[in-house]
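Inspection log for the structure reproduced underneath, given as structure tokens.
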Amino acid sequence: MPELPEVEVTRRCLTPVLVGRTIASVKTTAPSYVFVTAPLGLRKGLMGRRVLRIDRLGKYLLLRLDDEKTFVIHLGMTGQLFSSSVTSPRLLSSTARATLPPEDQTRFEPDSHTHVILGFEDSGSDIYFRDVRKFGKLFLLPKGGIHARLERLGIDALKVTGPHLYKASRKRKVAIKALLLDQAVVSGIGNIYADEALFLAGVRPGRGSSRLTRAESERLSEAVLSVLHRSIETGGSSISDYVAPNGQDGAYQDERHVYARKGEPCKVCGAVIVRRVVAQRSAHYCPTCQS
DNA sequence: TCTGTCTCCTGAGAGC
DNA sequence: TGCTCTCAGGAGACAG
């Protein structure tokens with residue numbers, strides 16, 4: 001599930017292979033949940049455009065085009081953005097992964113989940129957007145336009161501070177984890193990094209936001225920065241479907257302390273990691289290290 | 001205004 | 001073996 005680190009890694013990988021190229025063809029699937037801008041409008045808007053640069057806003061990728069429009073991509077839960085030349089078992093079903101030998105897990109062929117295929121004037125590799133569960137979002141921003149989805153985003157998670165978290169938590173009655181997941185407060189944090197940051201800060205996910213002290217807010221902001229930077233360094237987390245545009249898996253999943261480790265021993269104290277539901281999301285924590 | 005719930009979607013895995 | 005059910009989760013819509 002792509003969160004800020006995975007989106008940032010995707011941005012860094014895509015920049016050298018996409019910037020400066022002119023889109024010569026756009027293929028899409030039929031209208032569906034992923035197309036905020038209808039497929040026809042997307043095809044018309046992208047055709048013939050050159051990509052000037054790629055920015056990131058929270059979990060959104062922003063492809064800046066030469067006509068001053070912006071192609072906005074959100075990877076949702078299972079979104080994958082990659083070059084047509086890559087090979088990765090993560091682009092296959094689990095059955096194919098389990099049954100096919102590695103040498104037969106050859107180059108990916110677009111399937112029904114491949115919602116956009118960008119071809120280029122230079123005849124180099126195509127770029128695919130694939131999303132099995134269709135929780136991703138694709139839309140085109142007109143010149144100077146601001147979409148409500150982007151406008152409501154809070155401070156980027158890589159810029160979060162203790163005072164910001166402390167101030168935001170004063171007027172809220174929700175659990176601290178729900179606050180971290182609220183993109184209007186901090187943009188870019190999802191379930192994995194919320195759990196990991198709360199572990200490093202020693203705060204339980206279900207704790208009421210308003211009970212966070214200044215010192216804990218400071219520790220939490222430092223923990224958020226620490227886990228996000230470390231995840232970017234290691235290429236993100238490839239727990240389920242995430243794969244970088246170059247076909248590489250991330251490695252941060254090997255460094256997790258709590259997320260999806262229910263029943264396993266805490267790496268610090270040995271206590272059993274607990275799972276409970278907070279804000280309708282699974283939350284994992286160590287009952288000894290976090291209070 | 002804030003909070004909680006429902007909804008969208010589909011593959012994986014558990015249970016029978 | 002095959003069917004059914006549950007779960008996973010980002011974020012918008014909606015109700016209270």
Side-chain angles (χ1 to χ4, degrees), chain A residues 1-8 10 29-37 56-61 72-81 88-100 108 111-116 129-139 146-154 156-157 167-196 205-211 228 236-243 253 256 258-263 275-284:
Chain A
M1 55 205 82
E3 302 180 25
L4 186 150
E6 291 74 33
V7 178
E8 178 60 20
T10 297
T29 49
S32 70
Y33 202 60
V34 298
F35 292 105
V36 178
T37 297
R56 181 189 56 75
L57 206 55
K59 301 178 194 174
Y60 290 87
L61 277 175
V72 184
I73 302 171
H74 191 297
L75 298 175
M77 257 193 73
T78 52
Q80 297 167 319
L81 204 51
S88 169
R90 291 191 188 279
L91 301 173
L92 304 171
S93 70
S94 65
T95 307
R97 276 184 228 169
T99 55
L100 291 174
F108 171 77
D111 56 7
S112 61
H113 305 302
T114 311
H115 301 292
V116 174
F129 172 77
R130 183 170 183 262
D131 186 1
V132 171
R133 292 188 195 171
K134 299 181 181 174
F135 277 15
K137 291 285 174 285
L138 303 170
F139 57 98
I146 298 176
H147 197 281
R149 290 172 189 264
L150 305 180
E151 207 170 22
R152 68 170 69 102
L153 293 177
D156 191 88
K167 186 180 175 188
S169 65
R170 291 311 88 185
K171 47 194 173 184
R172 300 290 294 271
K173 293 177 181 175
V174 295
I176 184 61
K177 175 158 179 176
L179 191 81
L180 285 180
L181 292 176
D182 186 344
Q183 302 300 299
V185 175
V186 183
S187 61
I189 300 176
N191 216 25
I192 299 173
Y193 299 106
D195 277 1
E196 293 299 313
R207 171 111 69 93
S209 301
S210 58
R211 289 182 51 219
L228 295 182
S237 298
S238 291
I239 293 174
S240 53
D241 304 271
Y242 173 71
V243 61
Q253 66 275 10
R256 281 172 298 140
V258 287
Y259 180 77
R261 293 193 64 240
K262 176 189 171 188
R275 174 191 176 275
R276 63 169 284 204
V277 175
V278 175
Q280 292 189 294
R281 296 282 178 270
S282 57
H284 309 79

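What you see below is based on every heavy atom in this structure, not just the backbone, and it leaves out hydrogens, waters and symmetry mates. In this text the structure is predicted, and so the values were computed from the model without any measurement.
- Nucleic acid contact class of A:S32 (heavy atoms, under 4.0 Å, all strands): none.
- Considering A:L228, A:I192, A:L75 in turn, A:I192 is the only one that fulfils the side-chain contact (heavy atoms from CB on, under 4.5 Å) rule with A:E3.
- Remark: A:Y259 is in phosphate contact with C:dG9, judged by side-chain N or O atoms under 4.0 Å from OP1 or OP2.
- The nearest whole Å value for the distance from the CG atom in A:L75 to the P atom in C:dG10 is 12 Å.
- Cation-pi geometry between A:K137 and A:Y33 is satisfied (NZ or CZ under 6.0 Å from the ring centre, within 45° of the ring normal).
- Under 4.0 angstrom from either OP1 or OP2 of B:dT10 there lies no side-chain N or O belonging to A:R130.
- The nearest whole Å value for the distance from the CD atom in A:Q80 to the C1' atom in B:dT10 is 13 Å.
- Each of A:V174 and A:R281 was assigned the nucleotide of DNA chain B with the nearest heavy atom; the assignment lying further toward the 5' end belongs to A:V174.
- If you check distances only, the side chain of A:R133 does reach the base of C:dA8 with a donor-acceptor pair under 3.5 Å.
- Rounded to a whole Å, the CD1 atom of A:I73 is 16 Å from the C1' atom of C:dG10.
- Contact annotation: the side chain of A:L138 approaches that of A:V116 to within less than 4.5 Å [non-hydrogen atoms, C-beta and beyond].
- Using the six-membered ring where Trp is involved, A:F139 and A:H147 have ring planes that are tilted, between 30° and 60° apart.
- Of all nucleotides listed (B:dT5, B:dT3, B:dG11), B:dT3 comes nearest to the side chain of A:R172.
- A close approach under 4.0 Å does not occur between any side-chain nitrogen or oxygen of A:H113 and OP1 or OP2 of B:dC9.
- The pair A:R130-A:D111 meets the salt-bridge criterion, since a charged nitrogen lies less than 4.0 angstrom from a carboxylate oxygen.
- Ring-plane geometry between A:Y259 and A:H284 is classed as perpendicular, the angle between the planes exceeding 60 degrees on a 0 to 90 degree scale with a lower cut at 30.
- Remark: ring of A:F135 does not overlap the six-membered base ring of C:dA11 in a stacked fashion, as centroids less than 5.5 Å apart with planes less than 30° apart are not both met.
- Rounded to an integer number of Å, the gap from CG of A:D195 to C1' of C:dG10 is 15 Å.
- Map A:Q183 and A:V277 each onto its nearest nucleotide of DNA chain C; the residue landing nearer the 5' end is A:V277.
- Here the side chain of A:H74 is nearest to one of B:dT3, C:dG12, C:dG10, namely C:dG10.
- Per the geometry, OH belonging to A:Y33 stands 7 Å off P belonging to B:dC9, to the nearest Å.
- Within the structure, every side-chain polar atom (N or O) of A:R152 is placed at least 4.0 Å from both OP1 and OP2 of C:dA11.
- Of the candidate nucleotides B:dT10, C:dG12, C:dG10, B:dT10 has the atom nearest to the side chain of A:K134.
- Taking atom NE2 on A:H147 and atom P on C:dG12, their separation rounds to 9 Å, with Å as the unit.
- Contacts of A:K59 with the nucleic acid, taken as non-hydrogen atoms under 4.0 Å apart, involve only primed sugar atoms and P, OP1 or OP2.
- Interface remark: the A:R149 side chain does not form any donor-acceptor pair with the C:dG12 base, using a distance-only criterion of under 3.5 Å.
- At whole-Å resolution of the value, CD in A:Q280 and P in C:dA13 are 17 Å apart.
- Rounded to whole Å, atom P of C:dA13 lies 10 Å from atom NZ of A:K137.
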